[in-house]
Amino acid sequence: VQLQASGGGLVQAGASLRLSCAASGRTFSSYAMGWFRQAPGKEREFVAAIYSGASTVYADSVKGRFTISRDNAKNTVYLQMNSLKPEDTAVYYCAARITSSWLGSYYYQASGNYNFWGQGTLVTVSS
């Protein structure tokens, strides 16, 4: 599985961005997809994950501002980011785990539980 993230850029605080992650493979609908981010000098942290449309989980820091969604016909997962803050500045990575069922919210918050990773896209939010 290959993952290609895109959509990052430089925006001002309060603005919006939508990240995309295109995946290869014929069984995209069976992937749980996650977004993680890594700010300079910090560890990678969980942002959001989705299995089906009803199975999603968010980090508390982005809840209510970010929305994860997927289009299985396009093999793509999205991260809509609204009301961006300077502390959202980071390289954002998408990740995939092949699974047959939703394994629970806590499971997908651990980066070690994903099989495949994209290359990252930089989001910079200026104050």
Q) Does the ring center of Y108 lie less than 6.0 Å from the ring center of W102? A) yes
**Q.** Distance (rounded to the nearest 0.5 Å) between S29 OG and N75 CG
**A.** 8.5 Å
Q) Which pair of non-hydrogen atoms, one from T99 and one from S101, has the smallest distance, and what is that distance? A) OG1-O, 2.8 Å
Would you tabulate the side-chain donor-acceptor contacts of residues 2-25 under 3.5 Å, counting partners in other chains and residues two or more places apart, or write 'none'?
unit_1, atom_1, unit_2, atom_2, d
S16, OG, N82, OD1, 2.9
S24, OG, Q2, N, 2.7

Q: Could you check M33 against Y51 for side-chain contact (heavy atoms from CB on, under 4.5 Å), going step by step and ending with a plain yes or no?
A: CA-CA 6 Å; M33 300 297 297; Y51 180 51; over 6 Å; no
Q) Do you see a donor-acceptor pair shorter than 3.5 Å between the side chains of Y107 and R97? A) yes
Q. Taking all non-hydrogen atoms of both residues, which atom of L84 and which atom of R65 are closest, and how far apart?
A. CA-NH1, 3.9 Å
Q: Looking only at non-hydrogen atoms, find the nearest pair between V77 and F28 and report the distance.
A: N-CZ, 4.1 Å
**Q.** side chain to side chain contact (heavy atoms under 4.5 Å, CB included) partners for S69, two or more places apart
**A.** Y78
Q: Could you tell me if the ring centre of F66 sits under 6.0 Å from that of W35?
A: no
Q) Given Q38 and S111, is the side-chain contact (heavy atoms from CB on, under 4.5 Å) satisfied, shown in steps? A) CA-CA 12 Å; Q38 187 165 18; S111 60; over 6 Å; no
Q) Out of V57, I68, L79, which one pairs with I50 under the side chain to side chain contact (heavy atoms under 4.5 Å, CB included) rule? A) I68
Q: Might you work through the side-chain contact (heavy atoms from CB on, under 4.5 Å) test for M81 and V123, ending with a clear yes or no?
A: CA-CA 10 Å; M81 305 186 296; V123 173; 3.8 Å; yes
**Q.** Verdict with reasoning, Y114 to F36, per side-chain contact (heavy atoms from CB on, under 4.5 Å)
**A.** CA-CA 11 Å; Y114 289 83; F36 288 76; 3.5 Å; yes
Q.
Can you tell whether the side chains of K63 and D60 come within less than 4.0 Å, N to carboxylate O?
A. yes
Q | Geometric cation-pi criterion R44 and Y93, 6.0 Å radius, 45° cone | A | yes
Q | Distance under 6.0 Å and angle within 45° of ring axis: R70 vs Y31 | A | no
(Q) Ignoring hydrogens, what is the shortest heavy-atom contact between R37 and A90? Give both atom names and the distance. (A) CB-CB, 3.8 Å
Q) Looking only at heavy atoms, which two atoms of L122 and V91 are closest? And how far apart? A) CD1-CG2, 3.9 Å
